[in-house]
Amino acid sequence: MSHRVDENDVMWAPQAVVQEQIAAILTAWGMKPEHVAATAEAMVDADACGIDTHGISMLPPYDDRRRRNVITLDVDIKVVRETPTTALIDAGGGLGYVPSLLATKMCIDKAKAMGMAAVAVRESAHFGATGYYTRLMAAAGLVGIATTNGSGPRTAPTFGKEGKLSTNPIAFAAPTKRNEVFSLDMATTTVAAGKIRNKWNEGQRLPLGWASDADGNPSDDPEVYVSRGGVQTPLGGSRELGSHKGYGLGAMVEILSASFSGASLVSSPNHGSNKPGSMEIGHFFLAIDPTQFREAGEFEDSTDELIDMLHATRPMDPDQPVMVAGEPENIVRADRKTTGIPIPPGLRGQIQEIARQSNAAFVLV
Amino acid sequence: MNNDIQYFPADIIEKQIAAFLTSFGMPDDYVAITAPIMTDADKRGIDTHGISCIPNYHGRWTRNMLTMDGGITVVRDNPTTALLDAGGGMGYPVAHKAMQMAMEKAKKVGLGSVSVRNSAHYGAAGYYSRMAAREGLVGFATTGTSAPRVVPALAAEGALGTNPIAFTAPTKRNKPFNLDMATSTVASGKIRNKAVEEQPLPEGWAVDLSGNSLTDSSGYWDGVNMTSLGGTRELGSHKGYGLGAMVEILSCCFSGASFVMSPNHGKRTPGTMELGHFFMAINPVFFRDEGAFEETTDQLIDDLHATTPVDPNQPVLVAGEPEDMIEAEREKTGIPMPPGLRAKLEALAAECGAAFYLN
């Protein structure tokens, strides 16, 4: 069977095939079968909703980290501490998906029993899109919060000229009835690093406020970020436009992710390479059961009412209505159900090579 | 009239606030909680949330938008959660009680969150999250607001308030990490200040009532709205908007409070603004050995302080430090009282029959 390739050499592959490809490679790398299924499902979900930086395109960096022995594929995940409302999980140096799904499930079960729950994860690595976990909590009728720290300190604090935090994302989801769940999933930087790379790939200038050069001056040249020691800005972009708030949120995410779990701080000098086989990344998950506060369904009615009012806000451009968090991804998800997932030629070549080297089936043909 | 800024010790400011609140009919036990919290904002340089709020509160009280002696009811009380009804009263006493309850729950079972409805302004959100950190807990607070003056990404009109988030984490060596931020780019007071001084507005702070970027600060007098943090879509205002909506959900959907953009918000029911708040406390010793959380947080703060600054004279700070610095300074200088505010308060004291101490 061959999949459609468009005039730009982009292949449009069904979600199931992309998932199969991810699973084949993870299996060939030695991940336990029960871990492969959950990981591939979480990764392809990012592709399905247009978060193309967090799906199958992560396989090349994972391959690199695996070869450098900074992540471990075959791990045992341990619950180190557990109380009726909280837990601490040790991910054993493995990829973050499976321990994070365990943390999410524990949050859901504990919050349903106790009203609230929080689970911290240490000794982990990349866990994909943060919003995946909070959406699972919202699907279970709970309000979910999730954070993670990252691998590279490329975000400079306000007034600083060197990177000390990563993109430190935060996700928040709230259940609804009529509307799709409210799902905020955002880096605490002005933009994701991938957006700067895209401008660089295309030879375009950056909007001022996305990045600074190594001296801390705002720069519109993506090269300064890609190869000359430049840094990303915290949300706000400049002190005048409130970058101290984005910086504060980034530090909050670092505290939630590392101080509760005992993970390595992104700001530490040897972050990610302290210990063979582990990036020592930390995550944090929290769930709250709305029925603790009001009758069943009332929280959802209120959230729906808020979303309806926001939708009814007068737009600047009549053709671009006001949306709420999560909707751009929902629109892509609906589209890609029909079109399949776009795999650009460069990525497809990389995946083919990884499959060949690891003796995995290559199904993106 | 004395046109100079006068400086008063914090205890005089607190006494003055208490005298006003008492003259508005607030019961003594509420005054004893409210006056110190309001004074704390003045001590820490959050001048928009201290004694300067008194004329505003007086206006709302005389227009019957809030109830000074509103009774606090515990509507629901579970092991990790509670819902309180403020009875239309000022937010301070109920917020203080809510955070206390969240902290007690977190000490016992690890986590606590308390939601409040039927409330009004509670001052600076960071006061409540700092209460938790003083007892070794991570604190979190949000609130709904009174005016929809913040514009969602892609929108032409205001739909959310400044919707603040406060987060405080305990430490040992350093002062607690204390983030207390509006989810708008700037507070409306900063726009007004530029207008008063006839200075241009930085692009991204404000929009006119049609949603167009406003850089001529004189437009302030015709009405402006504020942007969501990020300022423009290109610089991420959809993120600030998302955070603002998150705060609205936390503050209003758990509690059943009124949304800031609902018709007649704040005026629907006599005697209450129907504002909502949300408070949460998390106990770090449920995750790691005692002191380990604080050790990691101190290390992060030290690492951030050690960042090479762009300007050697402006070291890198962490959230809460600008306020800590002002607090240390004002301990010596006292709290500045500008002449305009002092004159207003003097007139108001005469009108309400409150003692006036700012002489």
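These figures come from a predicted structure and were not determined experimentally. A, B, ... follow the sequence lines: proteins, then strands. Residue 1 opens every chain.
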Which residue out of [options] racks up the most heavy-atom pairs below 4.5 Å with chain B?
options                            : result
S243(A), P315(A), G216(A)          : P315(A)
S267(A), G115(A), G242(A)          : S267(A)
A117(A), A325(A), A174(A), G248(A) : G248(A)
G236(A), P290(A), G237(A)          : P290(A)
Q320(A), E82(A), E240(A)           : E240(A)
G209(A), A173(A), P328(A), P207(A) : P207(A)

Hey, what do you get for [atom1] ([X]) to [atom2] ([Y]), rounding to the nearest 0.5 Å?
X       : Y       : atom1 : atom2 : answer
L229(B) : T188(A) : CG    : OG1   : 10.5 Å
T85(A)  : K105(B) : OG1   : NZ    : 12.5 Å
T227(B) : L241(A) : OG1   : CG    : 7.5 Å
F182(A) : E248(B) : CZ    : CD    : 10.5 Å
H244(A) : E321(B) : NE2   : CD    : 13.5 Å
L300(B) : S268(A) : CG    : OG    : 9.0 Å

Toward chain A, the part of [X] with a non-hydrogen atom under 4.5 Å:
X       : answer
P322(B) : neither
F254(B) : both
N212(B) : both
A182(B) : both
L179(B) : side chain
A153(B) : backbone
V151(B) : neither
P152(B) : side chain
V285(B) : backbone
E203(B) : backbone
S262(B) : both

Which bit of [X] comes within less than 4.5 Å of chain B, counting heavy atoms only: side chain, backbone, both or neither?
X       : result
F299(A) : both
S183(A) : neither
V324(A) : both
L265(A) : side chain
A87(A)  : backbone
P269(A) : neither
T158(A) : backbone
L184(A) : side chain

Hey, which of [options] has the most heavy atom pairs under 4.5 Å with chain A?
options                            : result
M280(B), K190(B), E294(B)          : M280(B)
T185(B), T168(B), I249(B), T297(B) : I249(B)
S113(B), G110(B), S255(B)          : S113(B)
I301(B), D311(B), L243(B)          : L243(B)
V75(B), V186(B), L317(B)           : L317(B)
S184(B), G256(B), C252(B), G230(B) : G256(B)

Problem set entry | Within 6.0 Å of CD in E290(B), more than 12 heavy atoms from elsewhere | no
For this session: Take atom NZ of K195(A) as the centre, draw a 6.0 Å sphere, and report whether it contains more than 12 heavy atoms from other residues, nucleotides or ligands.
Result: no
Say whether, by atom type as modelled, one donor and one acceptor occur between the side chain of [X] and the main chain of [Y] under 3.5 angstrom.
X       : Y       : result
K239(B) : A187(A) : yes
R314(A) : A155(B) : no
R294(A) : C253(B) : yes

Problem set entry | Least distance between heavy atoms, G160(A) atom then T307(B) atom | CA-CG2, 3.9 Å
For this session: Give the minimum heavy-atom separation between L306(A) and A245(B), together with the two atoms involved.
Result: CD2-O, 4.1 Å
Within a strict 4.5 Å, meaning less than it, do heavy atoms of the [X] and [Y] side chains meet?
X       : Y       : answer
V253(A) : F167(B) : no
F259(B) : E305(A) : yes
I282(B) : L286(A) : yes
F287(B) : S261(A) : no
Y247(A) : L304(B) : yes
L250(B) : F172(A) : yes
V310(B) : D215(A) : no

For this session: Indicate yes or no: does R76(B) engage E295(A) in a salt bridge with an N to O separation below 4.0 Å.
Result: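 Looking at R76(B) and E295(A), the cut-off is met.
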For this session: Could you tell me whether D289(B) and R81(A) have a side-chain N and a carboxylate O separated by less than 4.0 Å?
Result: yes
For this session: Start with the C-alpha distance between D317(A) and L154(B), add both sets of side-chain angles, then the distance that settles side chain to side chain contact (heavy atoms under 4.5 Å, CB included), and finish with yes or no.
Result: CA-CA 7 Å; D317(A) 170 356; L154(B) 307 175; over 6 Å; no
Exercise. Out of M116(A), M114(A), Q292(A), which one pairs with N78(B) under the side chain to side chain contact (heavy atoms under 4.5 Å, CB included) rule?
Worked result: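 For N78(B), the side chain to side chain contact (heavy atoms under 4.5 Å, CB included) check succeeds only for Q292(A).
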For this session: Decide side chain to side chain contact (heavy atoms under 4.5 Å, CB included) for M261(B) and L310(A); before the verdict, give the C-alpha distance in whole Å, the side-chain angles of both, and the deciding distance to 0.1 Å.
Result: CA-CA 9 Å; M261(B) 70 181 303; L310(A) 292 170; 4.0 Å; yes
Problem set entry | Donor-acceptor pair between T308(B) and E162(A) side chains, under 3.5 angstrom |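 There is such a pair (donor and acceptor under 3.5 Å, judged by atom type) between the side chains of T308(B) and E162(A).
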